[in-house]
Structure formats: C-alpha cells, structure tokens
Amino acid sequence: MAQIPKSHGIRSLLVVIVILLLIGGAVWFFLQKKSSPSVQNEPVVTNNVQAPKVVNLDDLKISYVVVPADQNSASIFNAIPSNIIAKEDIDLMTKYFNNYPPISYISLAESKKILTKYPSVLASFELGAGKQYYQCSVPMGDNCYLNVLRYIPNLAALNSFVLFKEGKVADAQDYAQKIIKLGQMVTAQTDDVINLLVGWIIQRTGYYALHETKPISGLSIDDKNTLLKNLREEQKKVFQFMYTRQIESVDYITDINKKPSGVIDKDTEDTFNEYRKAANNTTWKPDIVKKWFNDSLKIELSNIDLPCSSVYKDSKIDTGFNPKDTSQTDNFVGKTLYSITYGSFNTLSTKRCEVEGMINNL
C-alpha cells in the first residue's frame with residue numbers, strides 16, 4: 001500500500017494542525033457510553049423492524065460569510081506595522097498588566113510617557129473599534145495579521161487609566177468599553193481558535209479596565225448572563241467551523257471535484273493528493289471518518305456547556321490507530337487523517353473561564 005506522507009505535506013494539511021501545536025490540551029480519555037435499550041415485558045413484534053437512525057453528518061456544518069471590506073476593521077489593524085510599539089514599552093505594559101493588579105500599581109507618569117509616543121496607534125484603535133465588524137479568518141489565508149492586537153488593548157487600557165486618574169471617569173469607562181467591543185467583534189466573526197483566543201484576551205483587558213475605573217453599581221445579572229452565553233456560543237461556532245473544514249477535507253479526498261471552501265496552497269494540495277492516492281490503495285471509509293469527527297465535536301460542544309472548573313471530557317475518539325503498524329489496511333488512511341488533524345481543546349474552555357471571571361466581578 002502507498003505510505004502516508006510524514007513530512008511537510010501532513011503538517012500543511014489543515015490549519016487545525018497549527019492550532020493543535022499552539023494550543024495543545026489533550027487531558028485524558030473519555031468515551032460516552034450509550035444507554036442500554038429498555039427491556040419490555042411483552043413480546044416484541046419483529047415484522048416491522050425500524051431502520052437504524054441515520055446520523056446527519058452535515059447538520060453541524062457552518063457556512064462562512066465574508067464581511068464587506070468597508071465594514072471590516074481588520075483592514076485598519078492590518079495596516080499598523082507589527083513593530084510600531086517599542087519593545088521596552090511592550091515589556092513595561094506586560095509588567096503592568098501581569099495578573100491584573102489594582103490601578104494604583106500603574107504609574108501615571110510612565111503611562112503618559114508611553115501614550116505620547118503612539119497617538120496614531122490610539123487613533124487607529126478608536127477608528128477600528130468604531131467599525132461594525134472585525135473579521136480575520138482562515139479563508140483569508142496569509143492576508144491577516146494578529147500580532148499588533150496583542151499590544152493595542154494594553155495601550156488603550158493605559159489611556160483609560162490616565163483618563164480616570166485625571167478625573168475623566170466617563171471618558172475612562174467609555175474607552176474601556178471600546179476595548180471590550182473590539183474583543184467582541186473579533187470573537188463574533190472568527191472561524192478559528194487563534195482569533196478566538198486573541199478576542200478573549202482583548203475582552204479580558206477591557207473588563208479589567210472597566211472594573212478598575214468604575215464607581216458604578218456593576219452589571220445586572222441579566223447582562224452578565226447574556227455576555228457569558230455569547231462567549232460560549234461563539235466558542236461553539238468556532239468548533240463548528242473547524243468541523244466543517246474537517247468534513248470538507250474528507251469529502252475532497254473522496255472526490256477531487258468537492259474542493260474545500262478555504263484557501264488551499266500547493267503544499268496542501270499535494271498532501272490531499274497523497275492521501276487520495278493512499279486511500280485508493282487501501283480500504284477508505286469516509287463516513288466512518290466523518291462520524292469520528294462528528295462524535296468528537298459533540299463532546300466538545302457538551303464540554304462548553306459545563307460550569308467553569310469542571311472536569312472536561314476528552315473528545316478524542318479511540319480508533320485503534322497504531323502509527324507504527326503500517327501493515328494495517330482497514331481504513332488506515334482515515335485513522336491517520338483523524339489522528340493527525342484532531343486534538344482535544346479542553347484548555348480553551350479554561351481560557352474562556354478567565355473572561356467569565358472578569359465579567360462576574362463587575
């Protein structure tokens with residue numbers, strides 16, 4: 001049988017692999033057991049046997065909708081050079097915002113000194129936060145950059161603190177709300193884990209700034225519940241986008257005419273061809289592979305519904321895959337594809353819970 005490629009091809013198959021390397025997070029194995037059918041005391045008539053329920057493996061797929069360029073603030077932030085903020089200022093802001101200390105810890109003089117260097121960055125932040133959307137996604141390929149968004153929220157939070165210490169409380173709170181809005185725009189429109197994490201970091205910084213500058217009664221229970229629900233629904237949507245790309249990959253290996261909706265570069269195309277060639281020389285069971293992804297997704301979705309600090313179920317399915325046993329022929333390509341491109345994302349919910357903690361403290 002043809003060997004599955006083990007070098008650059010597989011590593012470029014899906015963006016999911018990159019995400020897996022960055023996030024990690026498999027915890028321990030858990031496989032949900034199906035309940036046993038109930039026992040009936042009366043004889044069962046067997047001449048009308050019902051067919052087993054067919055699982056719709058497409059009902060959890062999701063369509064990607066491109067945001068119009070004039071409404072998309074990603075173009076504004078992409079235009080900011082990634083190195084525009086000096087390293088010493090990044091280091092000082094990192095020190096300030098480590099573990100989110102009280103506002104009294106933040107030096108007013110040093111904050112002003114930093115802010116005077118970057119009026120154009122703050123102007124871009126305000127312009128971008130005033131847009132309707134932020135969309136930076138997998139289908140855009142390499143045309144989207146997130147590096148600058150790691151530092152702009154801290155710069156904006158410093159401005160909020162300076163405004164507060166100068167007695168401009170309403171302006172300080174308004175600025176904190178702009179940070180939160182930007183983070184919410186990122187998570188609302190994203191289709192991948194990296195953007196989701198960046199959006200959560202931005203929101204967390206905004207909620208921190210709001211908490212430190214508010215002589216207000218805080219958010220209502222209903223407002224908090226709405227914010228918490230939105231966080232979880234957006235995380236579920238990202239998992240559905242990932243699932244969609246996984247199913248599209250299986251379909252593309254099966255049928256070269258079913259091209260995935262995302263960007264496919266030459267290396268990725270070559271990898272699909274290698275999988276397709278190997279699949280033709282062994283047993284290839286695409287519906288079974290899809291069901292592994294489907295079952296994993298359902299476990300991930302159920303994990304999101306659990307309270308914070310819960311023990312999350314490992315969503316990786318045991319397929320019996322043994323990478324060292326290349327003599328396997330039973331769906332070996334399918335087992336390889338699933339094992340390489342799927343990883344459990346339990347640690348992601350832990351990051352979301354950090355944002356939830358900020359919201360609950362308001």
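Basis for what follows: all heavy atoms, side chains included, without hydrogens, waters or symmetry-related copies. Keep in mind the model is a prediction, meaning the values are calculated, not measured.
Partners of Ile62 according to the side chain to side chain contact (heavy atoms under 4.5 Å, CB included) rule, which considers only residues two or more places apart in sequence or in another chain, are Lys237, Gln240, Phe241, Thr244. Partners of Tyr252 according to the ring pair (Phe, Tyr, Trp, His ring centres under 6.0 Å) rule, which considers only residues two or more places apart in sequence or in another chain, are Phe272. Judged as a side chain to side chain contact (heavy atoms under 4.5 Å, CB included), and not counting sequence neighbours, the contacts of Lys258 are Asp251, Asp255. For Ala86, the side chain to side chain contact (heavy atoms under 4.5 Å, CB included) test picks out Glu88, Asp89, Tyr118, with sequence neighbours left out.
Under the salt bridge (Lys or Arg N to Asp or Glu O under 4.0 Å) test applied with Asp305, the options Lys298, Lys236, Arg232 reduce to a single match, Lys236. For the pairing with Arg245, the side-chain hydrogen bond (donor to acceptor under 3.5 Å, both in side chains) check across Asp191, Thr341, Asp192 returns one residue only, Asp191.
When the shell of 6.0 Å around NZ of Lys181 is examined, it contains more than 12 heavy atoms from other residues, nucleotides or ligands. Other residues, nucleotides and ligands contribute at most 12 non-hydrogen atoms within 6.0 Å of the NZ atom of Lys95.
One finds the OH atom of Tyr134 at 15.5 Å from the CD atom of Gln184 (value rounded to the nearest 0.5 Å). Rounded to the nearest 0.5 Å, atoms CG (Asn346) and CD1 (Ile304) are 10.5 Å apart. Taking CD1 from Ile202 and CD1 from Ile180, the interatomic distance works out to 11.5 Å, rounded to the nearest 0.5 Å. The CD1 atom of Ile359 sits 5.0 Å away from atom CG of Leu228, with the distance rounded to the nearest 0.5 Å. With rounding to the nearest 0.5 angstrom, the CD atom of Gln235 is 4.0 Å from the CH2 atom of Trp200. Between the CG atom of Asn98 and the OH atom of Tyr96 there is a distance of 13.5 Å, given to the nearest 0.5 Å.
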Query - Candidate pair Tyr64 and Gln135, rule side chain to side chain donor-acceptor pair (under 3.5 Å), full reasoning - result: CA-CA 11 Å; Tyr64 179 82; Gln135 189 180 82; 2.9 Å; yes

Report task. Determine, step by step, whether Phe345 and Met242 satisfy the side chain to side chain contact (heavy atoms under 4.5 Å, CB included) criterion, reporting the C-alpha distance in whole Å, the side-chain angles of both residues, the deciding distance to 0.1 Å, and the verdict. Result -> CA-CA 12 Å; Phe345 284 89; Met242 293 170 62; 3.5 Å; yes

Requested in this report: Could you walk me through whether Asn225 and Lys229 pass side chain to side chain donor-acceptor pair (under 3.5 Å), step by step?
Outcome: CA-CA 6 Å; Asn225 288 338; Lys229 180 181 178 182; over 6 Å; no

Query raised in the report: Which is it for Ser75 and Asn72 under the side chain to side chain donor-acceptor pair (under 3.5 Å) test, yes or no, and what are the steps along the way?
Result: CA-CA 6 Å; Ser75 59; Asn72 187 6; 6.0 Å; no

Requested in this report: Carefully, step by step, assess Thr350 and Tyr312 under the rule side chain to side chain donor-acceptor pair (under 3.5 Å).
Outcome: CA-CA 10 Å; Thr350 302; Tyr312 300 115; 5.2 Å; no

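Panel note: side chain Asp174, backbone Ala170; no donor-acceptor pair is recorded below 3.5 Å. Within the 3.5 Å criterion, the main-chain N or O of Glu356 finds a donor-acceptor partner in the side chain of Asn360. Panel note: side chain Gln71, backbone Gln132; no donor-acceptor pair is recorded below 3.5 Å. A donor-acceptor pair under 3.5 Å is formed between the side chain of Thr283 and the backbone N or O of Asn331. With hydrogens and angles disregarded, no donor-acceptor distance shorter than 3.5 Å links the side chain of Glu212 to the backbone of Phe161. The backbone N or O of Ser261 sits less than 3.5 Å from a side-chain atom of Glu248, completing a donor-acceptor pair.
Residue pairs that meet the ring pair (Phe, Tyr, Trp, His ring centres under 6.0 Å) test with at least one member in residues 167-194, sequence neighbours left out, are Phe125-Tyr175. Within the structure, disulfide bond (SG atoms under 2.5 Å apart) pairs that include any residue of residues 234-267 do not occur (at least two apart or interchain). Annotation: disulfide bond (SG atoms under 2.5 Å apart) contacts involving residues 275-316, sequence neighbours excluded, comprise Cys308-Cys353. Within the structure, every pair that satisfies the side chain to side chain donor-acceptor pair (under 3.5 Å) test and touches residues 157-168, not counting sequence neighbours, is listed here: Lys112-Glu166. Applying the disulfide bond (SG atoms under 2.5 Å apart) test to pairs two or more places apart or on separate chains, none has a residue in residues 227-297. The disulfide bond (SG atoms under 2.5 Å apart) pairs that include a residue from residues 239-287 number zero, where partners must be two or more places apart or lie in different chains.
Closest non-hydrogen pair, Val193 versus Val238, comes out as N-CG1, 3.8 Å. Residues Gln173 and Thr213 approach most closely at NE2-O, 3.2 Å, considering heavy atoms. Across Ile317 and Ser296, no two heavy atoms sit closer than the pair CG1-OG, 3.4 Å. Taking each heavy atom of Pro153 and Thr205 in turn, the nearest pair found is O-CG2, 3.7 Å.
Hydrophobic side-chain contacts under 4.5 Å tie Val67 into a cluster, directly or through other members, with Tyr133. Its side chain within the 4.5 Å cluster rule, Ile76 clusters with Leu127 among the Ile, Leu, Val, Met, Phe, Trp and Tyr residues.
In this structure, Tyr100 and Tyr208 have perpendicular ring planes: the angle between them is above 60°, well past the 30° mark.
In the hydrophobic clustering of this structure, Ile201 does not group with Ile179; members are Ile, Leu, Val, Met, Phe, Trp, Tyr whose side-chain heavy atoms approach within less than 4.5 Å, directly or through other members. Linking Ile, Leu, Val, Met, Phe, Trp and Tyr whenever their side-chain heavy atoms come within less than 4.5 Å puts Ile247 and Ile256 in one cluster.
Ion pairing of Lys291 with Asp287 is absent here, as no side-chain N (NZ or NE/NH1/NH2) approaches a carboxylate O to less than 4.0 Å.
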